[in-house]
Each structure stands twice: as structure tokens, then as C-alpha cells.
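Take a look at the structure set out below.
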Amino acid sequence: MTYGDILVAQGLVKSYGGVRALDGAGIRLRGGEVHALVGENGAGKSTLVRILSGALTADEGVVRSAADTRIATVSQELSLFPDLTVRENLFPNRPPRRLGLLDRGAMDRAARPVLAELGLDADLGTEVGELPLADQQLTEIARALLRTPRLLILDEPTSALPAAAVDRLERVLRTLTGRGIAVLYVTHFLEEVMRFAERVTVLRDGRVALPGVRRAEVDVPELVTAMLGGRPEQPVRRTRAVVDLPPPVVLSGVSVPGRLADVTFTVRSGEVVGVAGLQGAGHLNALEVVCGRTAISAGRVDVGGRGLPRSLRDAIRAGVAFVPSDRKRYGLMTDRTVWENTTAVSWLGLGRGGFAPSRAELVCRATDLTERLRLRGGPYDVVARLSGGNQQKVVFAKWLATEPRIVVLDDPTRGVDVGVRAEMHRIVGELAAGGAAVLIASTDLAELTEVCDRVLVFVRGRITGEVSGGRLTERVLAVAMQRGVSNPPSG
Ligand SMILES: Nc1ncnc2c1ncn2[C@@H]1O[C@H](COP(=O)(O)OP(=O)(O)OP(=O)(O)O)[C@@H](O)[C@H]1O
Ligand SMILES: [Mg+2]
């Protein structure tokens, strides 16, 4: 059975300041179909979704939809009220009333079958903030379903969901499309696309790279090619001397419940090792283990010859420098000067020196570091006044000051410009050349191919592959990250 068009968008343009988020994108959504929307980070997917749902106005272009098309959107950032109950969150606008009072009975009668369909087993009176993240996500989906939309838009709905919940979601979507509803489904999980979707649209740099093709006409490698475009496939070759000492980072059979399963790898001195995976694949948990931020349930860990670090402080004592992705929270004291920030770790006596040096000595050291990093700003400048890229250099400088033997980087160049990015990469190379063991995660696959000697690929908590040498390209990584993501058929 086929249904007609529910929504057609054409020639959409949207700029944020100088950034063209959409540059002539369009999409055609038909009733009775799940239409997947895929593309790299920043390709414009959420911007398109916001325009289709009316939350954002396009600079140019048209969106036409069938009369009385009700659209319900589950957005990428959860929009529930954490201190309201599940029941209150499910009926935000027009809750059923009886004699002027909220009709709890009616709410619950409406909500229960939807929650049951999704497999959400939560008390309707629970505050949403107390639910695990996956259940919050299901609550958000339930709320959208209760609006009985003709078009349901899901922006990365499965990033927090366990496999069983994804299976249930798939069944729910099947039921909906069976009733003629259109579903737009945004995801990074390409295996999921192949299971869920009748059609796929690929966005690249705000444009349509593949327009609503039928699932049968594409496969995962072709989708990856459309997402990446014609970027050069040449791997970056380098030769780096690896020091033949006991490796500073050793994980052997390490498990963390629900996160990592039997993970084994080493990072040797002089080596830059990357970890890659889709959201929730476990690669970031591996970094956390090395930094002493996660307890393990099985396996053996040795960091800097001191066993398993029990805290970040412990890890720092073992020689670890950790550059986090959330710099605002962990990386910097933005109201302090450059010299205070760059020398904070060694100043606390946490660095390998052990002694607290004099202030003059610290400023001197800071100056030295900022010159090495070509920082725009002097040691007495307050960090808050530096540009984002220069702030990031201060984070680096802070850790260089400790002369780390082990460097752990989580998305070190997110949001910095190409010049700073190149300098960071040069520094990473220098650290390795100086004998550090470097472990890096990045949402930017090009970054991994540029700085790493080899990259460990994680899928659902396990290392499923290692890519190095001539095979280390974005494309190979992107395809490897998808493998094994699909669930075995259930039932
Ligand atoms: N409110 C905003 N202000 C400025 N720039 C923005 C804003 N929202 C998005 N952008 C920029 O527009 C581009 C497209 O962003 P968008 O959120 O649509 O991407 P996406 O495909 O959803 O990415 P992701 O997979 O990371 O969710 C990016 O370059 C982003 O930085
Ligand atoms: Mg998005």
C-alpha cells in the first residue's frame, strides 16, 4: 500500500552568521515510509529537522505539507522537564481534564499502551530526572507518539538506547508506517538505517549528496562514500620510532559493566594510538579507565607501571596528562591568568617534579611553554579573554608542563580553527617523538588518520578491529565503526 506525499521541502538555505548550515537542501517524505537522514557531524541534519518542524525559519526555500499535517519531533537534546513526573511530561500542552481538573485516569489510560509498546516500564508518577537516560529517551518518544502525528521526526533517538529497546522502537515504527504515518529518522548508525528505513537521504555540507534513494539501492560503504564526498583517500604515512620498553599503558581483558567487554590493548612509548567508535561504543570508556575515572569489573590495567589508577589524581601521579573534551568544566580556570593555568598541575606538586617551585620559576616556565605553542597572549593574560583556540593551547600547555609520559586526548581540537588544529597535531607528534605514549579519541575521523599510528575500532564495548598504515583512511574507519552494530534478529 502506498500513501502520498506528506511533506516536500526544496531549496532550503540557512546560515548562522558566516556558517552555511543548509545550502539548497530538500527532502520528500511520503506516508507509510521510514525515511532515514544521515550525514557527518555538522552536515545540517538537525537544522533541516528544525526547519521541517517549524522550530526554525529558513532563509530561502519552501516547505509544503499536506493539510492538517501534525508533526511531532523528538529532538537530539532531550527536552523533558526533569522535576516533573513522567505523566506530566507526557501531556505538556493539553492534558485531559474532567470537571476542570486534570484527569489522571484518562492520562494513564492513554499513556499505558504507548509506554508498553515501547517497553518502558516506569511508574507514571516518577520524576523524569530520576529515570535512567534510556528511559528518558523513551519517555520523549512516547510523548511524541501521544500527539498522534502524521509525521514523526526522530533526531538520533537510539543513541542512548540498549539493543532491546531499539528492536521495540523498530516494531513501533512499523506499526506507525502501517497506518500511513511518515517517519523521518536521523541517525549515525548506518546498519540501523538498513534495517529501519525504506529510503535514505544523505546530507553533506548542507547539501543533498544522495536524495531519498530506496534502501535496496545502497549499502553501507556507498552511504559512507556519499557522506564523506570526494575527499582524498591517501593515508598519511609516517615513521615513528617506538621505544622498546614495557608499554606505559596496558589493558588486558578489561570489562566495565554495560560499557566494555574484554578489552585488550597497549600503548607503547613513542606511539600515537587512536580509539574510534559510534556513540556508546565504549572507546571513550577505555580512555576513562586509563585516566582513573571508571571502576572495572574484570581484567588487568597498568598505567605508568603503577597498576590501575583509582582517580584522575592517581593517573596524573602515574604520568598521565588528560585533555578532556569538556574544557570549560575540567580543563581551565578561565578567570585566572595563563601562567596560573599552565602551571597549575605542576604547581600542586602533582607533576613528576614533586616539589612546588617559586612563582618566578613558574612564570618563566609558562612563558617558555606559550612560546613553544605560539600562543597569542602572554603569561599574565586572563584566559577568559583569549580566543577559543588559544584557550585550547593553554590546556595543552598546562599538561606539557608536567612532561607527561602518557597523554590522553578526548576530542582535542573540537571547535578550533584549522591553524590551531595543525599546531596541536604537530605538538602531539612532538610528544610522541619525545617518548610519550599517546591515546586519542576524536569525533573527527580525519584527525585520527592524521595523527595516529594505528586506530582501535570499538563496536558495542568490544575492540572489533585495528586499522593502521596504508589502510588508515576516514573511509575505512567509518565503515569499520558500523560493523556489528546491527542486532541479531530477535524472536
Ligand atoms: N545555533 C547555531 N548557531 C551557530 N551555528 C550553528 C547553530 N546550529 C548549528 N550550527 C552550525 O550549522 C552546521 C550544521 O549543524 P547541525 O546541527 O544541523 O548538524 P548535524 O548534521 O545535526 O550534526 P550532528 O550529527 O553533530 O548532530 C554546523 O556547522 C553547526 O556548527
Ligand atoms: Mg544534529
Side-chain angles (χ1 to χ4, degrees), residues 9 11-27 35-61 63 73-79 133 137 140-141 144 152-161 183-193 197 200-212 223-224 226-229 231 276-281 283-284 325-328 387-389 392 410-411 413-418 420-421 441-448 474 477-478 481-482 485:
L12 297 178
V13 174
K14 179 75 196 175
S15 297
Y16 295 103
V19 180
R20 254 197 179 205
L22 289 182
D23 190 11
I27 197 160
H35 193 129
L37 179 61
V38 302
E40 284 194 293
N41 294 121
K45 304 180 296 294
S46 295
T47 304
L48 177 59
V49 160
R50 276 185 222 122
I51 290 171
L52 299 185
S53 65
L56 193 69
T57 315
D59 303 337
E60 286 172 41
V63 179
T73 308
V74 176
S75 62
Q76 196 169 2
E77 296 80 31
L78 293 181
S79 63
L133 188 60
Q137 203 161 19
E140 181 118 10
I141 295 170
L152 175 67
I153 304 181
L154 302 159
D155 195 350
E156 298 195 35
T158 56
S159 50
L161 295 182
V183 178
L184 180 62
Y185 192 92
V186 183
T187 184
H188 288 284
F189 291 82
L190 300 182
E191 297 283 353
E192 243 170 56
V193 167
V200 192
T201 288
V202 178
L203 275 189
R204 182 174 76 236
D205 298 331
R207 289 178 207 183
V208 175
L210 214 59
L223 289 175
V224 168
M227 285 163 62
L228 297 178
R231 257 181 262 155
L278 296 172
Q279 197 172 358
H283 53 306
L284 299 181
S325 62
D326 189 351
R327 303 183 258 290
K328 288 265 147 54
S387 74
Q392 181 60 355
D410 180 8
D411 234 348
T413 60
R414 184 157 69 191
V416 307
D417 65 46
V418 284
V420 176
R421 185 173 181 274
S442 180
T443 45
D444 176 0
L445 295 182
E447 174 156 87
L448 294 180
E474 277 183 81
L477 285 180
M481 279 158 51
Q482 299 291 340
V485 170

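As the structure lists them, so they are numbered: ligands from 1, and atoms in each ligand from 1. FYI, the numbering just counts along the sequence from 1.
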Original post:
So Ser75 and Glu140, side-chain contact (heavy atoms from CB on, under 4.5 Å) or not? Walk me through it.
Top reply: CA-CA 9 Å; Ser75 62; Glu140 181 118 10; 4.3 Å; yes
Subject >> Close N or O approach (Arg50, ligand 1; < 3.5 Å) >> reply: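 There is no such contact.
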**OP:** Ignoring angles and geometry beyond distance, decide whether Val19 reaches within less than 3.5 Å of ligand 1 through its nitrogen or oxygen atoms.
**Re:**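 Between Val19 and ligand 1 (N or O atoms, distance only) the closest approach is not under 3.5 Å.
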Original post:
Taking atom types as modelled and ignoring hydrogens, do the side chains of Gln392 and Thr413 form a donor-acceptor contact shorter than 3.5 angstrom?
Top reply: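 No.
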Specify the protein heavy atom at minimum distance from [atom]: its residue, its atom name, and the distance to 0.1 Å.
atom                    : answer
atom 27 (O) of ligand 1 : Gln76 NE2, 2.9 Å
atom 17 (O) of ligand 1 : Ser46 CB, 3.7 Å
atom 15 (O) of ligand 1 : Thr47 OG1, 3.8 Å
atom 12 (O) of ligand 1 : Ala21 CB, 3.3 Å
atom 6 (C) of ligand 1  : Tyr16 CD1, 3.2 Å
atom 25 (O) of ligand 1 : Lys45 NZ, 2.7 Å
atom 26 (O) of ligand 1 : Asn41 ND2, 2.9 Å

**OP:** Check each of Gly42, Gly18, Ala43, Gly39 against atom 14 (C) of ligand 1 and report the one with the nearest heavy atom.
**Re:**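 Result: the heavy atom closest to atom 14 (C) of ligand 1 is in Gly42.
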For the residue pair [X] and [Y], what are the closest heavy atoms and their distance?
X      : Y      : answer
Ala281 : Gly277 : CB-CA, 3.9 Å
Val208 : Gly26  : CG2-O, 3.4 Å
Lys14  : Thr57  : NZ-O, 3.0 Å
Ser442 : Glu447 : OG-OE1, 2.8 Å
Ala36  : Ala197 : CB-CB, 3.7 Å

**OP:** Please confirm if an N, O or S atom belonging to Ser46, backbone or side chain, lies less than 2.8 Å from the Mg ion (ligand 2).
**Re:**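 Yes, Ser46 qualifies, because one of its backbone or side-chain N, O or S atoms lies under 2.8 Å.
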Original post:
What atoms in ligand 1 come closer than 4.0 Å to a heavy atom of Glu156?
Top reply: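 Every atom of ligand 1 under 4.0 Å from some heavy atom of Glu156: 25 (O), 27 (O).
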Original post:
Which of the atoms in ligand 1, numbered in the order shown and given with their element, are less than 4.0 Å from a heavy-atom of His188?
Top reply: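 Answer, ordered by atom number: 25 (O).
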Subject >> Nearest-0.5 Å distance, CG of residue Leu203 to CD1 of residue Ile27 >> reply: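 Interatomic distance, Leu203 CG to Ile27 CD1, rounded to 0.5 Å: 7.0 Å.
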**OP:** Any chance you could lay out the side-chain contact (heavy atoms from CB on, under 4.5 Å) test for Glu474 and Glu40, step after step, and finish with the verdict?
**Re:** CA-CA 12 Å; Glu474 277 183 81; Glu40 284 194 293; 4.1 Å; yes
Subject >> Pair Leu445-Leu228, side-chain contact (heavy atoms from CB on, under 4.5 Å): steps then yes or no >> reply: CA-CA 10 Å; Leu445 295 182; Leu228 297 178; 5.6 Å; no
Original post:
For ligand 1, does Glu40 get within less than 4.0 Å through its side chain, its backbone, both, or neither, judged by non-hydrogen atoms?
Top reply: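 Within the 4.0 Å criterion, Glu40 contacts ligand 1 through backbone atoms alone.
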Original post:
Would you say atom 31 (O) of ligand 1 has a protein heavy atom nearer than 4.0 Å?
Top reply: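 There is no protein heavy atom less than 4.0 Å from atom 31 (O) of ligand 1.
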Original post:
Can you check whether a protein heavy atom sits less than 4.0 angstrom from atom 4 (C) of ligand 1?
Top reply: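 Given the 4.0 Å cut-off, atom 4 (C) of ligand 1 counts as touching protein heavy atoms.
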